[in-house]
K.L.:
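A single structure is presented below for examination.
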There are 2 protein chains.
Amino acid sequence: MTIRVIIVDDQAMVRAGFAALLSAQSDIDVVGEAPDGRQGIEVSRTTHPDVVLMDVRMPEMDGLAAARELLDPPPGVVHRPKVLMLTTFDVDDYVYEALRAGASGFLLKDAPPADLISAVRVVAAGEALLAPSVTRRLIADFARQRPAPRKDPSLRLNGLTPRETEVLELIARGLSNQEIAARLVLAEQTVKTHIGRVLAKLDLRDRAQAVIFAYESGLVSPGA
Amino acid sequence: MTIRVIIVDDQAMVRAGFAALLSAQSDIDVVGEAPDGRQGIEVSRTTHPDVVLMDVRMPEMDGLAAARELLDPPPGVVHRPKVLMLTTFDVDDYVYEALRAGASGFLLKDAPPADLISAVRVVAAGEALLAPSVTRRLIADFARQRPAPRKDPSLRLNGLTPRETEVLELIARGLSNQEIAARLVLAEQTVKTHIGRVLAKLDLRDRAQAVIFAYESGLVSPGA
DNA sequence: CGGAGTGTCGTACCTGGGTATGAGGCCCGG
DNA sequence: CCGGGCCTCATACCCAGGTACGACACTCCG
């Protein structure tokens, strides 16, 4: 089963080079080319490639917009190729946009030829691959965004007792004092007492600010 | 400038294999080995390698804990090696933990030898590299978490007028009605009117739930 | 022109939530 | 065994916030 590839890049030389490189592989067929995003979509819709090599910067319709169109096609279009983005220099706004859109990879054009070839295979197999510098950024971003508890507010969270933390979490879920009391089998006044202490310890004014704190500290997270 | 590497793995065979493989490279020196995390840290502290190859599963102290220790050392320890995690099979809880901890890469042991070698070089250069399957997960996670506005709640957000959205955002910043009125140069009652409409449209009970909605919909984001 | 949508504000009412104060019981560590 | 957290609850007070109803101005559009 050969891998069907199309190449979308505004520079004819680049297309020719990549095409030659990839065609030389026995398991890869270059089945189309296009000089801009719009035509790239056309070619993709007619040739149904497994992988689309897509340059980022192009006239008419840039690679990002084209990638979005291919990865989130209008109703009726069933074909969904993998998209491997290419760029000459690693401006990273593009990277994030492309990954958001669902691209399977992001390579720099100065990568070794062997890398490009293996990237095509990896992407065709449903996996993903990024240029090392991009990987580093993505990890950094991940680590920055993710570290379970953030440090600034979350340290102060240590001042809370287990019960208080529990109450805070329920506040952050939108429950009223009554509901919290019911949930924890407590008198409503007890809940109020806990909340009072939480607000005092964290220097907050009301439950709305408590909710904010819960999100900012990582006690609760969007989508969870 | 050669790259100084140590290998931490509980299987002597694996250590020997990797050591042989890497030592054969003119730009890589294997300067130490260790059979578990605790000793790995010891060796790292004495040999000061550029890169630590670290197995995930190990007796005594697992690779994750050891990685954390190396990447976020106690006061006084200045040396901070790059950590490249290795695993036999790609259980991904480990992956996320390792990346959170600040690891520079994550490879499967069944990767081609050439990949391991180039990975060491990439990591030593300050970049990062992941196994393709890991990359895919990370991207998927990124795309899932990031898409600017989420769709479910954010669509309902479309029902809000600009002014209402503005007010909602200020609520989500923790402002009181008075403060919002001051900020927007309005009567407090006007603010109340807007809030009332927001709550009604979004089917929320109070401003605390409004804050939750703001975070869940992506109107505001933690850390922003 | 007339109506719909938006933004603005007033008056009036009610209650949930936050504050203050005090107090009893439990458990742990010094 | 005693002091100190922690958890629990009561009584009492007050007000920010939420609700209800009505009103006026402006803009856009059929």
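Bear in mind that the values here come from a model prediction, so they are computed numbers and not experimental data. Convention: sequence-line order gives letters A, B, ...; per-chain numbering from 1. Excluded from the calculations below are hydrogen atoms, water molecules and symmetry mates; all remaining heavy atoms, backbone and side chain alike, are included.
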K.L.:
If only side-chain N and O atoms of A:T190 are considered, is one of them under 4.0 Å from the OP1 or OP2 phosphate oxygen of D:dC9?
P.N.:
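Yes, A:T190 has a side-chain N/O under 4.0 Å of OP1/OP2 on D:dC9.
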K.L.:
Counting distance only, does the side-chain N/O of B:D206 pair as donor-acceptor with the main-chain N or O of B:Q209 below 3.5 Å?
P.N.:
yes
K.L.:
So, do B:L168 and B:F213 sit near enough that their side-chain heavy atoms are less than 4.5 Å apart?
P.N.:
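Side chain of B:L168 against side chain of B:F213, heavy atoms only: contact under 4.5 Å found.
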K.L.:
Kindly list each side-chain donor-acceptor pair under 3.5 angstrom involving residues 190-198 of chain B, sequence neighbours excluded, with atom names and distances?
P.N.:
| residue | atom | partner | partner atom | Å |
| --- | --- | --- | --- | --- |
| B:T193 | OG1 | B:Q189 | O | 3.0 |

K.L.:
Check whether any side-chain N or O of A:H194 sits under 4.0 Å from OP1 or OP2 of D:dT8, and answer yes or no.
P.N.:
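So the side-chain polar atoms of A:H194 do come within 4.0 Å of the phosphate oxygens OP1 or OP2 of D:dT8, strictly under.
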K.L.:
Which pairs count as salt bridge (Lys or Arg N to Asp or Glu O under 4.0 Å) when at least one residue sits in residues 177-191 of chain A, sequence neighbours excluded?
P.N.:
A:E179-B:R205
K.L.:
Rounding to 10°, can you tell me the angle the first-five-pair axis of the helix from C:dC1-D:dG30 to C:dG30-D:dC1 makes with its last-five-pair axis?
P.N.:
40°
K.L.:
Report yes or no: does B:H79 contribute a side-chain atom to a donor-acceptor pair with the main-chain N or O of B:P49 at less than 3.5 Å?
P.N.:
yes
K.L.:
Produce a footprint string for nucleotides 12-30 of chain C: one letter per nucleotide, 5' end first; B if the base is under 4.0 Å from any protein heavy atom, S if only the sugar-phosphate is, - if neither.
P.N.:
B----BBBB----------
K.L.:
Summarise protein proximity over nucleotides 25-30 of chain D in one line of letters, 5' to 3': B for base, S for sugar-phosphate only, - for none, counting protein heavy atoms closer than 4.0 Å.
P.N.:
------
K.L.:
So, using side-chain contact (heavy atoms from CB on, under 4.5 Å) as the criterion, who are the partners of B:R68 when residues are at least two apart?
P.N.:
B:L64, B:E97, B:A101
K.L.:
Of all heavy-atom pairs between B:T161 and B:K201, which one has the smallest distance, and what is that distance?
P.N.:
CG2-NZ, 3.9 Å
